[in-house]
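The first residue in the sequence is number 1, and the count goes up from there. Every heavy atom of this structure was used, including side-chain atoms; hydrogens, water molecules and symmetry mates were not.
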Amino acid sequence: MSHTRAFCSYAENDYQYYKEFERHLSSLQRSGCIELWSQHKVSPGDALAERIAEALEDADLVLFLVSSDFINSTRCFDFEMKRALELAELGQVVAVPILLRDCDWSSMPFANLHVLPNNKRPIASHTETPLRDEAWADVARVLRLMLGRYAPAHRAAPARTITSRDLDVILLQFLGRWSRWGFNAARLRNWGSRQPGFGILADFTIEDIKAALERLASSRKVETFQSKAGSRLYKAS
C-alpha cells in the first residue's frame, strides 16, 4: 500500500477525541500506510495559518472530526473544510467526515460524502471505553480499505536528465490543461504527477517546482494569487 498524506481537521474543544483517533490510527502509521498531520504539529513561533494551508494543499486524504464545535469553527468550516471539498470535487483529495459528537450535520456541504462511522452513530455517544474503542477501530478499518482503493501512486525519482527550461514547459502544459483552477507546488507534484502524461513531475522536488512557478510568474506566463486558506496558487494566464 502506498504512503498517504492525511490532514485531520478538528475543533480545539475536540482535541481529546483527536488524540484518541490518532492512537487508533497507529497501526496504519506504523505500517507506513499513512502520515497524519494536524494543527497541533505546528511548532511554536511558526505561522499557523500558513502551515495549515500548506499541509492541506499537500494532503491526499482529509478527515473532518465533525461536532457542533467543528461546524461553529471559522478555521475548520470556512477554511479547511471548504478548501478540502473544492479539492475533492477536482478529484485531488479524498474527504471523509467522521461523526464525533451529535450535532445537526445532515444539511452540511459534506453530507453527501461517505460519512463514518458507517452506522452514523457519533463516536462520543459511546460512553464506555470498550465500545468507543470498537467504534474507532471500525473507522480505522474502513479507512484502511479506502486507502487501498485510493492510495496515491508515488514512485522513486530516477536521475533527472531534463532541464529547468523543460520543467517550465511541462508546467505550462499542465496549467493550460487545467486552466480553470489554481495549484501550488506541492499539489502540482503530488497530484499532477498522477495525471496521464505528467508522471515526470514526480522526478522533481517541490522546491524545484516552486522555483519554476516563480520564474513563470515573473515572466507573466502564469498568474499567482492567494487561496482563501492563505496558500500561494498559480494558474494559466
Residues Leu213, Asn184; criterion side-chain contact (heavy atoms from CB on, under 4.5 Å); working and verdict: CA-CA 9 Å; Leu213 289 168; Asn184 71 356; over 6 Å; no
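- In this structure, OG in Ser179 is found 7.0 Å from NZ in Lys235, a value given to the nearest 0.5 Å.
- The two residues Ser31 and Ser27 make their nearest non-hydrogen contact at OG-O, 2.8 Å.
- For the salt bridge (Lys or Arg N to Asp or Glu O under 4.0 Å) test, residues two or more places apart in sequence or in another chain that qualify with Arg232 are Glu214.
- Between Val222 and Ala217, the shortest heavy-atom contact is CG2-N, 3.5 Å.
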side-chain hydrogen bond (donor to acceptor under 3.5 Å, both in side chains) between Asp133 and His126, worked out: CA-CA 9 Å; Asp133 282 344; His126 299 283; over 6 Å; no
side-chain hydrogen bond (donor to acceptor under 3.5 Å, both in side chains) assessment of Arg121 paired with Ser125: CA-CA 7 Å; Arg121 180 174 177 179; Ser125 68; 2.9 Å; yes
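- Within the 4.5 Å cutoff, the side chain of Leu63 has heavy atoms near those of the Phe21 side chain.
- Taking the charged nitrogens against the carboxylate oxygens, Lys19 and Glu22 do have a contact shorter than 4.0 Å, which makes a salt bridge.
- Note that CG of Leu172 is 4.5 Å distant from CG of Leu216, once rounded to the nearest 0.5 Å.
- Between Val62 and Ala84 the shortest heavy-atom distance is CG1-CB, 3.7 Å.
- Between Trp178 and Phe183, the distance separating the two ring centers is not shorter than 6.0 angstrom.
- Residue Lys221 places its NZ atom among 12 or fewer non-hydrogen atoms of other residues, nucleotides or ligands, all under 6.0 Å distant.
- Note that the CZ atom of Phe198 and the CD atom of Gln173 stand 5.5 Å from one another [nearest 0.5 Å].
- Residues Cys103 and Ser68 share a closest heavy-atom pair of CB-N, 3.7 Å.
- Trp37 and Phe7 have parallel rings, their planes meeting at less than 30° on a 0 to 90° scale where 60° marks the start of perpendicular.
- Between Ile206 atom CD1 and Glu54 atom CD the span is 9.5 Å, to the nearest 0.5 Å.
- Contact record, Leu100 with Pro122: O-CB, 3.7 Å, taken as the closest heavy-atom pair.
- Under a hydrophobic-cluster definition in which Ile, Leu, Val, Met, Phe, Trp and Tyr are linked whenever side-chain heavy atoms come within less than 4.5 Å, directly or via other members, Ile123 and Val96 are assigned to the same cluster.
- Interatomic distance, Leu56 CG to Phe79 CZ, rounded to the nearest 0.5 Å: 11.5 Å.
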Intermediate values then yes/no, side-chain contact (heavy atoms from CB on, under 4.5 Å), Gln92 and Glu86: CA-CA 9 Å; Gln92 297 181 18; Glu86 290 172 357; over 6 Å; no
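- The shortest heavy-atom contact between His114 and Pro97 is O-CD, 3.5 Å.
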Chi angles and distances behind the salt bridge (Lys or Arg N to Asp or Glu O under 4.0 Å) call for Arg101, Asp69: CA-CA 9 Å; Arg101 294 189 284 120; Asp69 284 305; 2.4 Å; yes
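- The aromatic rings of Tyr10 and Tyr15 lie tilted to each other, with the angle between the two planes from 30° to 60°.
- The shortest side-chain heavy-atom distance between Arg187 and Val93 falls under the 4.5 Å cut-off.
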Stepwise salt bridge (Lys or Arg N to Asp or Glu O under 4.0 Å) check, Arg194 with Asp60: CA-CA 12 Å; Arg194 303 200 296 270; Asp60 304 301; 3.5 Å; yes
side-chain contact (heavy atoms from CB on, under 4.5 Å) assessment of Phe70 paired with Ser67: CA-CA 5 Å; Phe70 176 92; Ser67 68; 3.8 Å; yes
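- We find that Asp168 and Arg215 are joined by a salt bridge, their nearest charged nitrogen and carboxylate oxygen being less than 4.0 Å apart.
- Partners of Asp138 according to the salt bridge (Lys or Arg N to Asp or Glu O under 4.0 Å) rule, which considers only residues two or more places apart in sequence or in another chain, are Arg141.
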